[in-house]
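What you see is a predicted model, and the numbers here were worked out from it, not measured in a lab.
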Amino acid sequence: MIVFWFLLIALVVVVAAVTLAVVGGGSEAVLPEAEPDRVADGLPESRPVVRADIDGLRLPVAPRGYRMAEVDDVLDRLGAELAERDARIAELSAAAAAPRDAAPAAAIDLTKDAR
């Protein structure tokens, strides 16, 4: 019999709380609009993306968001590809800046030896 009265009182309290929440809210929303999650430190727009930018990038986590391990794998791959690209560009730039007189001189010497 005590359990019955306890459950009855609990039911009345719950119904009263829900009624107060619905009626007390009026026409205004109970909770304010939530601000959307934004990346705190996004990728730079004023210069090309480098490996350090990818390493420092952190995406917001949401209850029904992305799988962090998958996104981290993609970011690791993107960072590695950017690092390879930057290394290749540096290599080609160094090769283009090298003195070009050495190659024609060797070609001239070969032609003189052939005669």
Side-chain angles (χ1 to χ4, degrees):
M1 189 69 157
I2 294 175
V3 173
F4 171 75
W5 286 108
F6 176 76
L7 289 176
L8 183 63
I9 292 171
L11 180 64
V12 169
V13 169
V14 169
V15 169
V18 170
T19 304
L20 286 175
V22 171
V23 173
S27 62
E28 296 179 18
V30 177
L31 295 176
E33 290 294 321
E35 293 292 324
D37 286 339
R38 301 278 182 216
V39 176
D41 190 15
L43 297 175
E45 295 181 16
S46 61
R47 61 177 172 77
V49 176
V50 295
R51 175 67 192 237
D53 296 328
I54 301 300
D55 289 339
L57 181 65
R58 295 296 174 255
L59 301 173
V61 179
R64 292 187 149 220
Y66 62 89
R67 292 184 181 181
M68 290 189 307
E70 292 176 358
V71 173
D72 290 342
D73 290 344
V74 170
L75 291 176
D76 288 343
R77 178 178 174 196
L78 178 61
E81 288 180 8
L82 286 174
E84 288 176 20
R85 180 204 64 186
D86 291 344
R88 180 68 177 149
I89 289 172
E91 177 184 317
L92 292 174
S93 295
R100 296 182 182 178
D101 297 335
I108 291 172
D109 289 338
L110 291 176
T111 56
K112 287 181 183 178
D113 290 337
R115 289 184 190 174

**Message:** Quick check against the 3.5 Å criterion: does Asp86 have a side-chain atom that pairs as donor or acceptor with the backbone of Ala83?
**Reply:** no
**Message:** Test of understanding: with side-chain contact (heavy atoms from CB on, under 4.5 Å), list the residues that count as partners of Arg85, not counting sequence neighbours.
**Reply:** Leu82, Ile89
**Item:** Partner residues of Asp55 under the salt bridge (Lys or Arg N to Asp or Glu O under 4.0 Å) criterion, sequence neighbours left out
**Value:** Arg51
**Prompt:** Are Leu8 and Met1 connected in the hydrophobic side-chain network, where two residues link if heavy atoms are under 4.5 Å apart?
**Reply:** yes
**side chain to side chain donor-acceptor pair (under 3.5 Å) partners for Glu81, two or more places apart** = Arg77
**Request:** Working to the nearest 0.5 Å, report the span between CG of Leu11 and CZ of Phe6.
**Result:** 11.5 Å
**Message:** If I compare all heavy atoms of Thr19 with all of Val15, which pair ends up nearest, and what's the gap?
**Reply:** OG1-O, 2.7 Å
